[in-house]
Amino acid sequence: MTDQTRPLEGLTVLDLTRALAGPYATLLLAGLGAKVIKIEEPVGGDLARENSPYLGRDGIMVERAHEDDISLSHLTRARGKYGVSLNLKRPEGKKLFMDLVAKADIVVENFTAGTADRLGVGYEACAQVNPRIVFASLSGFGANDRSGKAMDVIIQALSGAMFTSGEPGHPPVRIGIPIADMLAPVFTVIGILAAIEQRHRTGVGQHVDVSMLGALTSFVAIENWSAMAAAGMPARTGLTVQRLSPFGVFECADGYVAVVAVHEPLARGLFDAMGARELGEDPRFANRDARVANAEVLEATINAWSRQQSVAEVCRLLEERGVPVAPVRHPEDALVDPRVVERHETMAVEHPTYGSNVDLRTAGIPIQFSAASTGFDDALPVYIGQHNEDVYAQYLGLSPDDVARLKSEGVI
């Protein structure tokens, strides 16, 4: 953390989430300065604690070998959060939670639809205790839709996203990053911040409801697939987008490059780099509509040239002519790009006992402010309930004897 104030300093978040989508939403809030109190069941805790691989004294391992080996999933998603244990199925546990709600600003949950209400900790119950509370539900299909559990691959399948990639006639392609699990939390944070802003005017909080299916499908809908089909354009074109041709990924002798030559000067620059200026006079490629109509022939011509060149050579030739181009990089190379490292958009993984692992990088907060900073508190719930004393004693004012009793009774 820097000395600058973070934008959400002073806000307190109660985090009832688990797995990836919910914890990523609260991770963003923590990185923006909110105090996030991660609430886990006393036995078991967050599912991510058991995700392989693990990091510890022996480095990276597929199986946990020591007590202080920590799942990389938990190590990265629980950064900057204060962890407490709480049994919400016990009456005293629910009362303790409501005591926290009375002092908090935000609650985030990603239970299966209806679970929070069934436990007695849903929005209506929380709003009775604290009318200013902003309560966010992040679910697969909506807070009131009980269609079932939703995982990233299920949402990718239902949203149509899998059919936006890949070649015609080939199987659907699962997007390599958990796009639904990452996109829905961003919308959740947007909704939370909008509700906080409205609360400034009204003094009253509200329920923010985001579905993973809705979030990802809204992105799929940004392209008009029906119109493309009506125009005879293939929706699935693999490595390229034929309605913008030449636009996409082309093969080189030692890898792949991404090229964008949509507009006239860019297309002419590409043809010049290929040593084939005459393509610009060919009626099939002489203007944008013609290039789109003859995209398959044009792309085959570009690939025939690029396959004879190295990635570095193609990049050099196109950059000299102002044509947007980039090598297709492995994630390990992308995460250490000096531009994202300098802006803290990726960060080294920190083990609380064994320190920074320079070979491992994780997500930072990809937002820059002119008069504020981002970053995470020096907190991580290595074990379940690590910050019970800090939160229950300091935040709620419970005595050490009270905390000890609650623990002995299995409430925390």
Side-chain angles (χ1 to χ4, degrees), residues 1 15-28 30-31 36-87 110-111 149 151-153 174 176-179 181-182 185 329-336 340-341 344-365 375-392 403-404 407-408 410-412:
M1 286 175 49
D15 179 0
L16 291 171
T17 69
R18 56 174 61 192
L20 174 54
Y24 185 61
T26 54
L27 180 72
L28 292 174
V36 175
I37 300 173
K38 181 177 178 62
I39 298 170
E40 299 180 83
E41 296 176 359
V43 178
D46 195 326
L47 303 171
R49 289 181 176 275
E50 305 304 319
N51 286 356
S52 181
Y54 302 90
L55 180 64
R57 67 186 74 175
D58 299 329
I60 303 171
M61 296 151 293
V62 173
E63 297 181 84
R64 179 184 279 123
H66 309 286
E67 275 194 9
D68 58 359
D69 293 342
I70 303 175
S71 164
L72 276 169
S73 296
H74 181 70
L75 198 58
T76 56
R77 299 171 197 175
R79 284 173 293 159
K81 301 178 184 180
Y82 299 85
V84 301
S85 55
L86 187 58
N87 188 344
N110 68 334
F111 294 125
K149 294 184 178 180
M151 304 298 180
D152 180 83
V153 69
R174 183 187 66 83
I177 60 173
I179 186 69
D181 271 337
M182 303 299 286
R329 300 190 298 196
H330 189 281
E332 289 182 8
D333 298 322
L335 296 183
V336 294
V340 300
V341 171
H344 306 294
E345 291 158 340
T346 69
M347 306 171 66
V349 172
E350 296 272 351
H351 190 287
T353 302
Y354 304 110
S356 174
N357 188 308
V358 295
D359 296 325
L360 295 175
R361 297 198 70 78
T362 188
I365 302 295
F376 299 95
D377 287 351
D378 186 19
L380 177 80
V382 175
Y383 58 85
I384 299 171
Q386 180 161 345
H387 302 105
N388 280 352
E389 286 76 12
D390 294 338
V391 172
Y392 294 134
V403 174
K407 183 175 181 181
S408 68
V411 177
I412 64 173

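Predicted, not measured: the structure shown is a model, and the values here were computed from it.
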Side chains of Tyr24 and Thr17: closer than 4.5 Å at any heavy-atom pair? no
pair Leu335-Val340: side-chain heavy atoms closer than 4.5 Å: no
Testing the basics here: between [X] and [Y], what is the closest heavy-atom pair and its distance to 0.1 Å?
| X | Y | answer |
| --- | --- | --- |
| Pro381 | Ala78 | CD-O, 3.7 Å |
| Leu16 | Asn110 | O-OD1, 4.1 Å |
| Ala30 | Gly80 | CB-O, 4.0 Å |
| Tyr82 | Val391 | CB-CG2, 4.3 Å |
| Ser356 | Ala348 | OG-CB, 3.4 Å |

Interatomic distance, [X] atom [atom1] to [Y] atom [atom2] [nearest 0.5 angstrom]:
| X | Y | atom1 | atom2 | value |
| --- | --- | --- | --- | --- |
| Tyr383 | Glu40 | OH | CD | 12.0 Å |
| Thr362 | Leu72 | OG1 | CG | 8.5 Å |
| Met347 | Arg79 | CE | CZ | 6.0 Å |
| Leu380 | Ile70 | CG | CD1 | 6.0 Å |

So does [Y] get a backbone contact from the side chain of [X], meaning a donor-acceptor N/O pair under 3.5 Å?
| X | Y | answer |
| --- | --- | --- |
| Asn388 | Ser85 | yes |
| Arg77 | Ala19 | yes |
| His387 | Gly83 | yes |
| Lys38 | Asp46 | no |

Could you note down all residue pairs passing side-chain hydrogen bond (donor to acceptor under 3.5 Å, both in side chains) where residues 344-353 supplies at least one of them, sequence neighbours left out? Arg343-Glu345, Thr346-Arg361
Review item, side-chain donor-acceptor pairs of residues 50-57, under 3.5 Å, at least two apart:
from: Glu50; atom 1: OE1; to: Arg64; atom 2: NH1; distance (Å): 3.3
from: Asn51; atom 1: ND2; to: Ser73; atom 2: OG; distance (Å): 3.3
from: Ser52; atom 1: OG; to: Val62; atom 2: O; distance (Å): 2.5
from: Tyr54; atom 1: OH; to: Glu50; atom 2: O; distance (Å): 3.0
from: Arg57; atom 1: NE; to: Tyr354; atom 2: OH; distance (Å): 3.2
from: Arg57; atom 1: NH2; to: Asp68; atom 2: OD1; distance (Å): 3.1
from: Arg57; atom 1: NH2; to: Asp68; atom 2: OD2; distance (Å): 3.2

Should Glu41 and Arg18 be marked as a salt bridge (Lys or Arg N to Asp or Glu O under 4.0 Å) after you check the CA-CA gap, both sets of side-chain angles, and the distance that decides it? CA-CA 11 Å; Glu41 296 176 359; Arg18 56 174 61 192; 3.4 Å; yes
Let me see the working for Tyr392 and Ile412 under side chain to side chain contact (heavy atoms under 4.5 Å, CB included), right down to the final yes or no. CA-CA 10 Å; Tyr392 294 134; Ile412 64 173; 3.7 Å; yes
Partner residues of Pro178 under the side-chain contact (heavy atoms from CB on, under 4.5 Å) criterion, sequence neighbours left out: Leu20, Asp152, Asp181, Met182
Evaluate the side chain to side chain contact (heavy atoms under 4.5 Å, CB included) criterion for residues Ile60 and Leu360: first the C-alpha distance (whole Å), next the side-chain angles of each, then the deciding distance (0.1 Å), finally the verdict. CA-CA 10 Å; Ile60 303 171; Leu360 295 175; 3.5 Å; yes
Other residues, nucleotides and ligands only: do more than 12 of their heavy atoms fall within 6.0 Å of CE on Met151? no
